[in-house]
Structure formats: structure tokens, C-alpha cells
Amino acid sequence: MSPVTVTFLMLVFLESFKLSFCARNHNVACIQSERRALLRFKQHLKDPSNRLSSWTKNGDCCRWDGIICSNVSGLVIGLHLGSSRGTRKLGGKLNPALLDLKHLTYLDLSDNDFRQTQIPTWFWNMSSNLYYFNISRNQFQGNIPDLLTMTQPSVLIDLSCNNFTGSLPVLSSNMTAIDFSFNSLSGSMSHFLCHKLNESMKLEILNLGHNLLSGEIPECWKKWSRLVGIKLCDNNFSGKIPGSMGALTLLQSLHVRNNFVVGEIPSSLRHCSELVTVDFGSNQLSGDIPGWMGERLPKLIILSFHSNKFTGTLPEELCALSYLQILDLSHNNLVSEIPSCINNLSAMNSGNKSDDKIFYRTSKGSFFEDILVVMKGRVVNYDTTLKLVKTMDLSDNNLSGEIPEEVTSLAGLQSLNFSHNHLVGRIPYNIGAMTSLECFDLSTNNLSGEIPLTISDLSFLSHLNLSYNKFTGKIPSGTQLQSLNAYSFLGTKLFGPPLSESSTDVRFGTGSGVLKNREDQDKVDWFFLTVELGFLSGFFGAVFLLMLCKSGRSVHFQYVDETGHSLGRIIRKYILK
């Protein structure tokens with residue numbers, strides 16, 4: 001698996017976008033009929049932590065926890081019953097008493113446990129009056145009906161992390177943001193995307209990730225011209241990336257990762273000059289990586305094309321991307337030298353002193369980007385600190401030539417992976433200038449010479465792999481290198497700690513990493529076996545835990561998803577090859 005995989009939008013609405021719980025007019029009492037309706041609703045709920053203890057028969061419902069009333073009329077306009085961290089979840093059944101709250105426009109039941117409840121028709125009908133509807137991270141199931149009758153001028157719906165099945169619903173033109181991710185929705189998205197082609201849509205955020213959707217991605221994007229963020233990743237989409245996406249001139253975040261998309265990147269995307277994130281990883285895309293991306297998409301921060309079938313050279317035009325912080329072109333068939341202009345990636349030159357979040361503004365608030373990074377062999381989720389992450393992965397290509405000295409100017413990089421290529425020459429002498437480096441992988445190349453003494457200046461380095469090269473000489477002493485695993489130097493002619501006298505066979509390996517005879521081929525590489533066994537035990541342990549805690553946070557689902565795909569790729573690439 002690639003060290004960098006972008007997972008997309010963790011939808012976060014700003015406080016100005018939510019109802020204020022503090023601006024209550026305590027001179028206005030609640031309506032008695034609405035108080036009775038809320039008490040009937042409470043009767044069918046399971047409340048193990050007694051969260052609704054303030055909901056009493058003779059109390060003022062406008063003072064109850066989770067209830068928002070109009071400052072003028074006293075009518076109930078908001079119900080905020082989402083569970084927070086450390087609070088036991090609500091459960092039970094949905095009572096139609098909510099229908100008596102005629103002015104309800106805000107409903108949050110997120111992160112509760114309604115035990116695989118099928119949402120009744122009356123509940124969907126009630127939702128047509130809401131402008132904020134969040135029932136995410138529950139166990140609701142059934143089909144999502146068409147949502148054509150939304151009466152509010154701007155609507156946000158979050159149905160993510162449930163068990164919804166069936167096809168995508170047709171949407172009202174009043175939708176501003178929808179999140180249907182982490183469900184089991186299936187079928188084509190043509191009817192969803194192409195309904196009433198002449199009608200302009202207000203949608204700004206579209207998240208359909210982690211479902212079972214299939215078929216080609218339709219050419220119906222022109223009517224969705226207000227889109228800022230799109231997530232279609234982790235589905236079964238096929239065909240090509242639609243050229244009509246070039247009409248989305250406001251688009252800032254585009255994720256089509258982990259599908260079966262083929263063909264070349266459409267040149268029409270050059271018109272999407274606001275793009276900050278482009279994630280096409282784990283598909284079957286081919287052709288050249290377009291040079292125009294470095295010229296026409298100047299705001300790119302994240303560019304991930306890993307695990308595709310791209311050929312050709314590494315375009316020098318990408319060096320113009322001065323904001324780029326995450327570059328992942330690993331597991332392709334690129335054939336060229338690493339361009340010396342790499343030092344022009346100025347965002348990688350130093351630590352980031354600005355806001356540590358990558359976020360995109362919409363008409364109703366902002367959403368934050370979310371990313372999974374494999375760092376030091378672990379999958380780490382970054383969201384609120386994403387702006388601090390800086391990585392480059394060009395591994396598993398056919399790159400040749402020497403490592404340019406200019407790479408050492410990228411002092412802000414935390415992870416650098418050039419492994420599994422055909423690089424020659426030496427490690428740049430000034431490698432110690434990359435003072436932020438934590439992970440450094442040059443394994444399985446044809447590099448030679450001694451390890452530069454300046455590597456001792458990398459005080460944060462904790463993951464190093466120089467194996468299967470032609471390095472010679474003594475491993476620099478008095479540094480953190482002595483605390484690393486000996487197998488970081490497997491298949492080289494290096495000596496000295498952490499290699500011991502018993503490491504002779506390892507120390508004087510083949511250098512190229514190619515086993516020369518049948519006897520060598522039959523030997524067990526216990527290091528990699530240990531790594532894989534540890535990986536498998538962690539993977540299945542995480543799956544077991546999630547089976548017990550199915551309504552867990554989406555980051556856990558993302559972790560298992562990415563790890564699972566990694567396991568699948570290991571099997572396909574190395575076992576079924």
C-alpha cells in the first residue's frame with residue numbers, strides 16, 4: 001500500500017452554522033402541546049446515562065437539555081441529541097410524536113444506537129421541513145427514499161455510517177451538502193446525477209464514499225456547478241473520469257480513489273484551477289501524468305496517483321506546485337530521472353507556521369480534509385493537523401539516475417520513499433539538512449558508497465530502510481542508527497552496530513537484493529515474515545473489535561478499509577503474481 005492515501009472530507013460545520021444554545025430568551029416558555037410531544041418521544045427512548053433527566057412533566061421544555069426554542073415564539077425549532085465522547089448512547093424507537101413539532105428545522109440524532117432500526121415513512125416525511133438533518137453513526141437500515149420535497153432553501157443531510165441499502169435517492173435542488181458515506185448503497189449513480197438535467201443544483205458537498213456503487217461515472221456534471229468537494233472513493237465505479245467534471249470551476253477537493261476507473265486524466269480538468277486535493281489512487285488509470293497539472297492547478301496541496309498504470313516521465317512541470325505538501329506517485333511505471341527542480345516544491349522546504357488544518361469554505365460553513373498516512377508502518381489519521389504533514393513517495397516505479405542533491409533542501413519533509421526503483425550513485429552528502437525526516441526508505445535500488453556522516457543530524461529519524469543496495473563501509477556510530485533494526489541494512493556490505501557478528505550473512509548479502517541460487521530462494525526471510533504476521537494479527541484484531549463496536553467513529557472504518565485494501569494488494573502483488 002502507498003504510504004499516503006487520502007480519505008477526504010470529515011464534514012465539520014462551523015459554530016456559526018449551528019444553532020446557538022446560549023441565546024435563549026428565558027422569558028418565553030415552551031408550548032404545552034410540544035412539551036407533551038417531547039415527553040411521548042422520550043418514553044420510547046432508552047437512556048442508560050439519564051441524559052434526558054431534565055425532561056420532566058412540569059418543566060419548561062425550552063430549558064431542557066438538547067432542546068432549542070425560538071426566542072420569539074417559544075416554539076421548538078431544534079433537537080440536538082447527538083452523543084458526545086464519554087456519553088452513553090440513546091437507543092430505543094422513534095416515536096411519531098415528533099410530528100407534533102411543526103416548526104422543527106434542526107435534528108441531530110448522530111452517534112447513537114438504535115439497534116438496526118428501519119426508519120419509518122413518517123420520519124422521512126418529517127425531514128422535508130429540516131435544514132439540518134444528521135442521523136449519522138447509528139445502525140439505521142432500509143432504503144433512502146427520494147428527497148425531492150425539502151422545503152428549506154438550503155439543506156444539509158448526513159446519513160453516513162449506517163446500514164442503508166438500495167439505490168441512491170433523487171435529490172431536491174435545495175440540497176447544499178450530503179454525506180451518504182459508509183453505507184451499502186448500490187447500483188448506478190446515473191439517475192441520481194442526471195435527473196432533470198436542465199435544473200441547476202445548489203449542492204456544494206457530495207460524499208458517496210465507501211459504498212457499493214458501480215457502473216460508469218456519468219457525464220452529467222455541468223448542472224452541479226457549485227460543487228466544492230466530491231468523494232466517490234472506495235466504490236466499484238468503472239469507465240473513465242468524465243470530461244464534464246471540467247465544468248466544476250469551484251471544485252477544490254476531488255477523490256475517486258480505490259475504484260476501477262481506466263483511461264487517461266481528462267484535459268478538461270485543467271479548468272478546475274481551484275483544486276487543492278486530487279486523489280485518483282488505486283485505480284487503473286494509464287497514460288502520462290499531465291504536465292499541465294503543474295501549470296493550471298497552482299493551489300494543489302495533495303496529489304495522489306499511487307497504484308495505477310501511469311507511464312512516461314515524471315513531469316518537471318510539477319516542480320511549479322509551490323503549495324504541494326503530499327506527493328504520492330508510487331506503484332506506477334514511470335521511467336525517468338528524479339528532476340533536479342524538486343527543490344522548487346517550496347512548501348516542503350520548511351515546517352508550516354500557518355493554520356494546521358486544510359479546509360474549504362462553502363456558503364454554510366467549512367469542511368476539513370481528512371487523510372490517512374502510513375508512517376513508520378502504521379496507518380495514522382490526520383485531519384485537524386493535516387497542514388503539518390509533508391510526505392513524498394515515488395517508490396515502486398522504474399526511476400533511474402542519481403538522487404539529486406537538491407532533494408536535501410526539502411527540510412520540512414517527514415517521510416521520503418524512493419524504494420524499489422533503479423537509482424544509482426550515492427546518498428546525497430547533505431542528507432542531514434532534512435532535519436524533519438522521520439521515515440527514509442531507499443531500499444531495493446542500486447545505490448552505492450558509504451552512508452554520509454551527516455545522517456547523524458536527523459534527530460527525528462526512527463524508520464530507515466537501506467536494504468538491498470550496494471552500500472559499503474561502517475554504519476555511522478554515535479547516532480540513533482544503532483537503535484534501528486538490523487534488517488534496515490539487509491543485502492548490503494555495511495558493518496558495525498546495529499549489525500552483530502551473527503549478522504555476517506546479512507551484512508554480506510547480494511547487494512542487489514536478487515537471490516542467486518535455489519538454496520537462497522528457499523531460505524525464509526524471518527524479518528518480513530514477522531512483519532507480515534504482525535500486520536495480519538493487527539488487521540484481524542481491528543476487524544474483530546469493529547464487529548463488537550460497529551457504530552464506532554468513521555476513522556476506525558477508514559483504518560480497516562485502508563488496511564484491508566493493503567492486505568489485498570499484498571496478496572495480489574506478491575502471492576498471486
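Numbers here are sequence positions counted from 1.
- With rounding to the nearest 0.5 Å, the separation of CG in L206 from CG in L232 is 6.0 Å.
- Looking at residues two or more places apart in sequence or on another chain, you find no salt bridge (Lys or Arg N to Asp or Glu O under 4.0 Å) involving E34.
- S54 pairs by the side-chain contact (heavy atoms from CB on, under 4.5 Å) definition with W64, D65, not counting sequence neighbours.
- Judged purely by distance below 3.5 Å, without hydrogens or angles, the side chains of S110 and S136 never pair a donor atom with an acceptor atom.
- In terms of the side-chain hydrogen bond (donor to acceptor under 3.5 Å, both in side chains) criterion, S33 has no residue partners (sequence neighbours excluded).
- Checked by atom type, the side-chain pair T277/Y360 shows a donor-acceptor distance below 3.5 Å.
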Validation: residues 95-102 side-chain donor-acceptor distances under 3.5 Å, sequence neighbours left out:
from : atom 1 : to  : atom 2 : distance (Å)
N95  : OD1    : A97 : N      : 2.8
N95  : ND2    : R40 : O      : 3.3
N95  : ND2    : H44 : ND1    : 2.6
D100 : OD2    : R40 : NH2    : 2.5
K102 : NZ     : L99 : O      : 3.4

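- Using modelled atom types, one finds no donor on one side chain facing an acceptor on the other under 3.5 Å when comparing Q141 with T165.
- Inspection of the E216 and S238 side chains reveals no N or O donor paired with an N or O acceptor under 3.5 Å.
- Taking the six-membered ring where tryptophan is involved, the planes of F133 and F123 are tilted, since the angle between them lies from 30° to 60°.
- Within the 4.5 Å cutoff, the side chain of S160 has heavy atoms near those of the S181 side chain.
- Using modelled atom types, one finds no donor on one side chain facing an acceptor on the other under 3.5 Å when comparing T105 with Q152.
- Legend: residues meeting ring-ring contact (aromatic ring centres under 6.0 Å, His included) with F180, ordered by chain and number and at least two apart, are absent.
- Residues passing the side-chain contact (heavy atoms from CB on, under 4.5 Å) test with S73 are S70, L75, sequence neighbours excluded.
- Donor-acceptor pairing under 3.5 Å is lacking for the side chains of S273 and H271.
- Side chain to side chain, N258 and D234 meet the donor-acceptor criterion of an N or O pair below 3.5 Å.
- In this structure, K202 contributes its side chain and R226 its backbone to no donor-acceptor pair below 3.5 Å.
- Using a 3.5 Å distance cut-off with no hydrogens or angles, the side chains of S83 and R51 do pair a donor with an acceptor.
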